[in-house]
Trainee: 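I have a structure I would like to understand better, so I am pasting it below and will then ask my questions one at a time.
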Amino acid sequence: MEFSEWYSDILERAEIFDVRYPIKGCGVYLPYGFKIRKYTFEIIRKLLDERGHDEVLFPLLIPEDLLAKEGEHIKGFEDEVFWVTHGGREKLEKKLALRPTSETAIYYMFKLWIKVHTDMPIKIYQVVNTFRYETKHTRPLIRLREIMTFKEAHTAHSTKEDAEKQVKEAIEIYKEFFDTLGIPYLISKRPSWDKFPGAEYTFAFDTIFPDGRAIQIATVHNLSQNFSKTFDIVFETPDGGKDYAYQTCYGISDRAIASIIAIHGDEKGLCLPPVVAPYQIVIVPLIFKDNKEPLNKAKELKEKLKSYRVYLDDRDIRPGRKFNEWELRGVPLRIEIGPKDIENKKITIFRRDTMEKFQICEDELEKIDEILNDIMENMRKKAIKKFEDFITIMDYDVDRIKETLNNKRGIILIPFDESIYNSELEEKVEARVLGETEYKGKKYIAIAKTY
Ligand SMILES: Nc1ncnc2c1ncn2[C@@H]1O[C@H](COS(=O)(=O)NC(=O)[C@@H](N)CS)[C@@H](O)[C@H]1O
C-alpha cells in the first residue's frame, strides 16, 4: 500500500484522528490519539521545564495593527491569516487575527514586562492551537489549517551571546525530544531565502517519511533584535545604558505525532514507543469454556504490573481478533495467559516491534522493564537505519540529483560549495534546499522533496 493511503487508513482504523470535520484542514483527536498526543507533549513539557522554561497562556486573537507591526513577519504570514471581523452582528472597527504564531501577541507584553537587564532571561512557552490558511494540500497532523498542538517557546535575553546560547539549548532540547521518540532527524541551517519571517536565522529538524519525502518537524529561530526594535522592548543595561532585547523562539506541532505514526508504523499498523503508548501492555486471558483461571491470573498480573499502563482485555471475542486489534493500535507488549501457561508457571510475551512470541516465568516480571527498553532501542535502531538508507551523498550534478530525487527520493547531500548555494539551486534541482548541514563530520548542502 502506498504511504499516504496507509497513513490516512491508520488514522481511521487505530481511531487516532477523525478528518470528517466540516472545515478543510481541521480534524478531531479521538480518545486513543488524544492519549498519544498527551504523553508526547508531556515529554517536551518536562524537557522545557527542566531547563528553566515556564508554561503560559496568551490570547488567541491578535489585533491587526499588532500583527502587522514587524514588516517581514506580516509579509510572511499575510496570505495565511484567518481574520475575525464581527462581534455578533456588529462589525469590529479593528479586525482581529487568529494567531498563526504568537510573536506579536507575546512581544507586545514583553515590552510591558522588560525594563532592566535583570528582568531577563524570560523563557516561556505555550501549547496552543494556531491557525494558518494553508493553500497547499492539507493533511491530517502534517499540514493543518488549525494546528491543534503548537508548542511555541519564546525567550528574551540581555545579550547577543545569551540569545545564541539559547538557540543551542533549544536545539539540544529538540534532539533529546526526538531521540526519546526514536525519530531520526537532520539538523540544517535554513538558507537565508527560507528562514522564518522576522528571524535572523533558522535551524530546522527534518525527518524522512516512508515515501522518501522530507518533512520539517521542528524549527529554532534566532530573532536577534528584529522584533525588540519593532516592539520597542528596551532595557537598562548593567552599565546604565540602553539596549534592545535579544530574542529567540522555537516550535513543534502535531507533526511530532505524525512522525511517530509514520516512522514506526508498519503493515500491521501502529508501533508505538512505550513512552507514548496509551497502553504499554495489554493482557489477553485465553478463556476456555468456563475455566475462569486465566482471567483470575490475568487480574493478578494486571495488579502486579500496575506501575505500567496496562489494559486487561476480557471482552468476549476471539483472541485472534484481539491480537489483530492491539497490533493495529501499536501496543508495545502483549501478555497471553492460558491454562497451559498457568500449569507451567509461565507467561507468554508478544513484542509488537519484532512480532516475536516467547515465554518468561511468571515470577520474572522484572524482565518486563528490560523488554520494553529493548523494544524502544530496537525501534530507534530500525528507524535510524531506514533514515540513513534514504541519505545519498553525491557530487553536485543536477541531472543525477533530479534522477535520485525522482526515484529513490530521500535527502541528497552535496559537499558545501558557496558558489552554488543560492535560491536558483531550488529551480535547477526542482526540489527544496533544506540548508547547510553537518553529516558524519562533513559540511553539505541538503536537498530534498518535502511535505
Ligand atoms: N500547517 C501546519 N500544520 C502542522 N504543523 C505545522 C504547520 N505549519 C508549521 N508547522 C510546524 O510548526 C513548526 C513551527 O512553525 S514555524 O513557522 O516554523 N515557527 C514558528 O512559528 C515560530 N514562532 C517558532 S514557534 C514548524 O517547524 C512545523 O514543524
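For ligands, and for the atoms within them, numbers begin at 1 and follow the listed sequence.
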Trainee: Give a yes/no verdict on whether any heavy atom in I142 is under 4.0 Å from an atom of ligand 1.
Mentor: yes
Trainee: What is the nearest protein non-hydrogen atom to atom 20 (C) of ligand 1, stated with its residue, atom name and distance?
Mentor: F196 CE1, 3.4 Å
Trainee: Check ligand 1 against H221 and write out every atom of the ligand that is under 4.0 Å from a heavy-atom position of the residue.
Mentor: 18 (O), 19 (N), 20 (C), 22 (C), 24 (C)
Trainee: Parallel, tilted or perpendicular: which describes the rings of F231 and Y107, with under 30° parallel and over 60° perpendicular?
Mentor: perpendicular
Trainee: Going by the order shown, which atoms of ligand 1 are within less than 4.0 Å of some heavy atom of E134?
Mentor: 1 (N), 2 (C), 8 (N)
Trainee: Taking R255 for its side chain and Q216 for its backbone only, find out whether a donor-acceptor pair lies under 3.5 Å.
Mentor: yes
Trainee: Which residue and non-hydrogen atom of the protein lie closest to atom 3 (N) of ligand 1, and at what distance in Å?
Mentor: L144 N, 3.0 Å
Trainee: Does ligand 1 have an atom that lies less than 4.0 angstrom from a heavy atom of F205?
Mentor: no
Trainee: Show the nearest heavy-atom pair for residues I257 and L141, with the distance to one decimal.
Mentor: CG2-CD1, 4.0 Å
Trainee: Report yes or no: does a heavy atom of D254 sit under 4.0 Å from some atom of ligand 1?
Mentor: no
Trainee: Tell me, which protein residue and heavy-atom name are nearest atom 11 (C) of ligand 1, and how many Å apart are they?
Mentor: S253 OG, 3.5 Å
Trainee: For Y421 and W193, I'd like to know if the aromatic rings sit close, meaning centre-to-centre distance below 6.0 Å.
Mentor: yes
Trainee: Which bit of T202 gets closer than 4.0 Å to ligand 1, counting heavy atoms only: side chain, backbone, both or neither?
Mentor: neither
Trainee: Under 4.0 Å, heavy atoms only, figure out whether ligand 1 is touched by the backbone of A218, its side chain, both or neither.
Mentor: backbone
Trainee: Say whether, by atom type as modelled, one donor and one acceptor occur between the side chain of K322 and the main chain of D313 under 3.5 angstrom.
Mentor: yes
Trainee: Can you list the ligand 1 atoms lying under 4.0 Å from a non-hydrogen atom of E152?
Mentor: 25 (S)
Trainee: Main chain of Y133, side chain of R145: is a donor-acceptor contact present, judged purely on distance under 3.5 Å?
Mentor: no
Trainee: Considering only the protein, which heavy-atom contact is closest to atom 7 (C) of ligand 1, and what is its distance?
Mentor: I147 CD1, 3.6 Å
Trainee: Sub-3.5 Å donor-acceptor pair from the side chain of D194 to the main-chain atoms of R190, do we have one?
Mentor: no
Trainee: Counting only heavy atoms closer than 4.0 Å, does ligand 1 sit against the backbone of R145, its side chain, both, or neither?
Mentor: neither
Trainee: Give yes or no for whether the N/O distance cutoff of 3.5 Å, strictly under, is met between T101 and ligand 1.
Mentor: yes
Trainee: Taking the basic N atoms (NZ, or NE/NH1/NH2) and the acidic carboxylate oxygens, is any pair closer than 4.0 Å for K94 and D65?
Mentor: yes
Trainee: In ligand 1, which numbered atoms sit nearer than 4.0 Å to a non-hydrogen atom of Y250?
Mentor: 24 (C), 25 (S)
Trainee: Identify the protein heavy atom lying closest to atom 23 (N) of ligand 1, giving its residue, its atom name and the separation to 0.1 Å.
Mentor: E103 OE2, 2.5 Å
Trainee: Before we go on, tell me: are the rings of W326 and Y311 under 6.0 Å apart, centre to centre?
Mentor: yes
Trainee: Within a distance under 4.0 Å of any heavy atom of I217, pick out the atoms of ligand 1 and give their elements.
Mentor: 29 (O)
Trainee: List the closest protein heavy-atom neighbour of atom 12 (O) of ligand 1: residue, atom name, distance to the nearest 0.1 Å.
Mentor: F150 CE1, 3.6 Å
Trainee: What is the nearest protein non-hydrogen atom to atom 29 (O) of ligand 1, stated with its residue, atom name and distance?
Mentor: Q216 O, 2.9 Å
Trainee: Using a 4.0 Å heavy-atom cut-off, say whether R132 meets ligand 1 through its side chain, its backbone, both or neither.
Mentor: side chain
Trainee: Tell me, which protein residue and heavy-atom name are nearest atom 16 (S) of ligand 1, and how many Å apart are they?
Mentor: T219 OG1, 3.7 Å
Trainee: Using a 4.0 Å cut-off to any heavy atom of C249, which atoms of ligand 1 qualify?
Mentor: 22 (C), 23 (N), 24 (C)
Trainee: Could you go step by step and tell me if S158 and F235 meet the side-chain contact (heavy atoms from CB on, under 4.5 Å) rule?
Mentor: CA-CA 8 Å; S158 54; F235 66 94; 3.7 Å; yes
Trainee: Between R380 and E377 (salt bridge meaning N to carboxylate O under 4.0 Å), is one present in this structure?
Mentor: yes
Trainee: So, H157 and T159: side-chain donor and acceptor under 3.5 Å apart, yes or no?
Mentor: no
Trainee: Which distance, rounded to the nearest 0.5 Å, do you find between the CD of Q247 and the CD of E103?
Mentor: 9.0 Å
